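Written out below as structure tokens is the structure these notes cover.
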Amino acid sequence: MVNKPRADAAPPAASGGALGRKGTVASAPDPTRSVLLHSKSHPRMLKSNATSHVWPLGALAELLDNSQDLECGAERVDVDAYEVSPGTMALTVQDDGFGMHRGQLQNMLSSGFSNKEHVVGNVGRFGVGFKSGSMRLANDALILTRQEGTVSVALLSTTFLDAIGADDILIPMLTWKVEPGSLAGKHTYVALTPSNTAEWKENMGLLEEYTCFKSEQAMLAELDKIDTVTGTRVVLFNLKNPPEFDFEFDLADIRMMRSLGDDDDDDDGEPRTSSKPRQSGRRPIFQQQRPGQNMTLDVPEDYSLRSYMEVLYLRPTVAFTLRGKDIVPRCPIARLRRGFSSAANAYHRLDPYTPRGIPEARASSVHVHCGYMENNTRHCGFHIYNKNRLIQMYQRFGAQLQANHMMKDMLGVVEADCLEPTHNKQAFNTTDITYAKCKKHIEKSMGDYYFNVQKYKLSGFYKQGKRAVRGKRKGRDIDSDSDSINEETDPVDEDVGGNDGGGKKKSKPSAAAQRPKVSPFSRSPQVSPFSRILAKLMTHPRSSAFIEPVDAEFCGALDYYEVIKTPMDLGTIVTQLDAGEYRSVNSGDGPLRFVTDVRQVFYNAWTYNQPGDQVYRSAQKLGRVFETELEKSFGDHDQWGLLTGTTIAKCGPGHLKPKTLEADGDEDRDGGAVPAAAAASAAAAEAKRLEGEEAARVKAEKEAVKTKAEAEAAAREKVAVAEAEKEQRAEKVAARKAKKAALAARTAVVPLYPPAAAPAPAPAPSPA
């Protein structure tokens, strides 16, 4: 690398120097603007814009967005950190894109210069992302960029602006011309802009004074780190104090300072300066606030830059590296795999939805993906992407915000390019009607997925390591974790001859005739109404919120046990039933306690939740099932008054269903098997329903194709009409011009007195 001295042939320096405020400003090409005042931007604007980024990793993502955009043309982006001086770290972001010439670099460092809005593949819109993101992380940013033939350096520094007391944002900037050197692989830098020697020295002096590169050779050495033909390198130095990043805990990562610790001080009383594993279950220091999220939940994406970059882009178009190691993208959609009977039952992509009434530039469909994690984690919610960029993580909707267990293990991904993100790209404009429509669609999709796609999932099985209760199916007994309840069969015939000695055997009495003799605590599901009713409740699709005691902290309902004084759940009732706590001899105390406890589960749900909530409606459905089954079992012989205090009035209107057929294959009122004819009829009805749905789907597809063809034809016709109108207008303009020319020729004025001819030159005098 050789640095040639510059030539001094240049225009004189402006009055007042580069930093003087008395120099004349070049007027705009339009002469009407030469008398207008110029609106200045005070350096405080850089600091105020930086306050929009509360989360440091979100500010750093702004620099990655610029490299991801199509205008950059990058294929690889490297994020690194290195020590510029003892104890002083700097962050760098480097890409191999097209680079920038001097004018583009000046526009990037100005405010509002952006042509990315509504461009496919771009996230940027407002033209302030680089300024707000870089100034949030550091006080100074040095930008080095290379194009074929030129290199430029510019400094955006609040340290410099504060030191000189500037009232406008001033940018020291230099440009060199790159010429091939005499040696192989070498090149020569020739000073190019500014062309005035005094201005060049003043800009170079500022760069040497306010950066960590104290000479022109050091600056050019930093430029040589861009080892590609074109590219851009951003160096953030003078990072914010107190330090926010930990560069030592993991040399392949950049983590938030103290993000894995709980105490603000070390054992010696000094402030903690590095991350340490958590010693308690308290909230991580840098966990982002999300509605409904447990304060002790560990979210690596909140404090680890590597984890955040792995999910930052849904479909990355460039390769990222962090501190020399590749970033392996973790597609959130691919992670939605946690099957119960098969993986196909776990993940589902719902039909796209296009909100109406949105601007044409943002018109696009919303795609919702639902599923479960491959591992049992306590994370739930949706990752919402806008134009391939992650805007919100683990955003909860609907029942996930309520104090229950419903949908608490459901994860999803939303692709919503029609929404409008805020300028820090960490939230959406919630005042937009489109956001309200998308939110309603997401909640509807959650319900469709939970109650329809997952109908094959039995509620008692989704918690590993805890008690699971399964309902009876054909050829299967009810069982639990500790024991199995085998079916006990009474003899089909019995000797009822008695003293007559006839020994005549009679057939088994009906189930209705045997009910008064049935103990409600028998362990056989055929003769134990309580066990059968409880199994039916716990295998109901809406029972998941009532299987276990409410975890108030996990569900975000910290006041639950202040409102609910008598907590109860179906799992606790099963345990007490197995332990014989509901048994009583010749007394109705045990059965009454059982019925009271079951009803208490529903009353708790109705007390804490509002009418219309998912849990409230689920309690209504289960309450109706319980009261109906109780009526079937003890309606004719309610010797203990179990039907007194029924909750049927709070269960809302019921739906009429055929008595001979149950959706889950349970037995009929008398305990017998479902008749084969009824099962065949149900199968035929289901086949007919599926056939109707398929026909409706085919019809909808045909109508969609027809509508699309009509729209295309209308568009073509519209274009043809516009072309015809354009030609007509051109013909009219040509006719008017011809008419005007003819009129001008007819009305031409002939002068009355033609101009006099010039006098002839006098002849030259002859020689004497």
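Quantities reported herein were computed from a predicted structural model and do not represent experimental measurements.
The shortest side-chain heavy-atom distance between Asp140 and Tyr210 does not fall under the 4.5 Å cut-off. Two residues are said to be in side-chain contact when any heavy atoms from C-beta on lie closer than 4.5 Å; Met393 and His383 meet this criterion. At least one side-chain heavy atom of Arg290 sits under 4.5 Å from a side-chain heavy atom of Asp302. Leu91 has its side chain out of reach of Tyr82: every pair of non-hydrogen atoms, C-beta onward, lies at least 4.5 Å apart. The shortest side-chain heavy-atom distance between Arg389 and Leu312 falls under the 4.5 Å cut-off.
Remark: Lys387 NZ to Asp417 CG distance equals 7.5 Å, nearest 0.5 Å. Taken to the nearest 0.5 Å, the CD atom of Gln68 stands 13.5 Å off from the CG atom of Leu63. Taking OG1 of Thr92 as the start and NZ of Lys225 as the end, the distance is 8.0 Å to the nearest 0.5 Å. Rounded to the nearest 0.5 Å, atoms CG (Leu207) and CZ (Phe160) are 9.5 Å apart. Interatomic distance, CG of Asp168 versus CG of Leu170, reported as 5.5 Å (0.5 Å rounding). With values rounded to the nearest 0.5 angstrom, Asp162 atom CG is found 8.5 Å from Asn139 atom CG.
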Starting from the C-alpha separation in whole Å, work towards a yes-or-no answer on side-chain hydrogen bond (donor to acceptor under 3.5 Å, both in side chains) for Ser67 and Asp95.
CA-CA 6 Å; Ser67 302; Asp95 63 65; 3.3 Å; yes
As a quick check of understanding, evaluate salt bridge (charged side-chain N to carboxylate O under 4.0 Å, His left out) for Asp432 and Arg362, giving each step before the final call.
CA-CA 12 Å; Asp432 188 6; Arg362 291 194 286 127; 3.3 Å; yes
List the steps, then state whether side-chain hydrogen bond (donor to acceptor under 3.5 Å, both in side chains) holds for Glu420 with Thr434.
CA-CA 9 Å; Glu420 182 180 3; Thr434 308; over 6 Å; no
Show your working on side-chain hydrogen bond (donor to acceptor under 3.5 Å, both in side chains) between Thr175 and Thr150 and close with a plain yes or no.
CA-CA 7 Å; Thr175 302; Thr150 61; over 6 Å; no
Could you go through His101 and Leu105, starting from their C-alpha distance and side-chain angles, then the distance that decides it, and tell me whether this counts as side-chain contact (heavy atoms from CB on, under 4.5 Å)?
CA-CA 6 Å; His101 57 68; Leu105 181 57; over 6 Å; no
Does Arg255 form a salt bridge (charged side-chain N to carboxylate O under 4.0 Å, His left out) with Glu248? I'd like the steps, not just the answer.
CA-CA 9 Å; Arg255 294 182 174 232; Glu248 299 178 358; over 6 Å; no
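Ser52 and Asn424 form no side-chain donor-acceptor contact under 3.5 Å, judged by distance and modelled atom types alone. Glu415 and His369 form a side-chain donor-acceptor contact under 3.5 Å, judged by distance and modelled atom types alone. With hydrogens and angles left out, the side-chain atoms of Tyr313 and Asp65 include a donor and acceptor closer than 3.5 Å. Under the 3.5 Å distance criterion, with hydrogens and angles disregarded, no donor-acceptor pair is assigned to the side chains of Gln94 and Asp78.
Between the side chain of Thr193 and the backbone N or O of Ser195, no donor-acceptor pair lies under 3.5 Å. Side chain of Asn386 to main chain of Leu419: a donor-acceptor pair is present (N/O by atom type, distance under 3.5 Å, no hydrogens or angles). Side-chain N or O atoms of Thr232 include none that pairs as donor or acceptor with a backbone N or O of Thr145 at under 3.5 Å. In terms of modelled atom types and a separation under 3.5 Å, the side chain of Thr321 and the main chain of Gly324 share no donor-acceptor contact.
Ion pair Glu216/Lys201 not flagged as a salt bridge, since none of the NZ, NE, NH1 or NH2 atoms sits closer than 4.0 Å to an Asp/Glu carboxylate oxygen. Comment: Arg146 engages Asp224 in a salt bridge, judged by a side-chain N to carboxylate O separation of less than 4.0 angstrom. Ionic pairing of Asp253 and Arg323 is not present here: no N-O contact between side-chain nitrogen and carboxylate oxygen is shorter than 4.0 angstrom. Salt bridge Arg136/Glu62: absent, no basic N to carboxylate O contact under 4.0 Å.
With a 6.0 Å cutoff to the six-membered ring centre and a 45° limit on the axis angle, Lys425 does not count as a cation-pi contact of Tyr385.
For Gln395, the side-chain contact (heavy atoms from CB on, under 4.5 Å) criterion is met by Ile384, Gln392, Phe397, not counting sequence neighbours.
Of the candidates Phe245, Phe237, Phe247, Phe247 is the only one forming a side-chain contact (heavy atoms from CB on, under 4.5 Å) with Met89.
When the shell of 6.0 Å around CD of Glu83 is examined, it contains more than 12 heavy atoms from other residues, nucleotides or ligands.
The aromatic ring centres of Tyr303 and Trp55 sit 6.0 Å or more apart.
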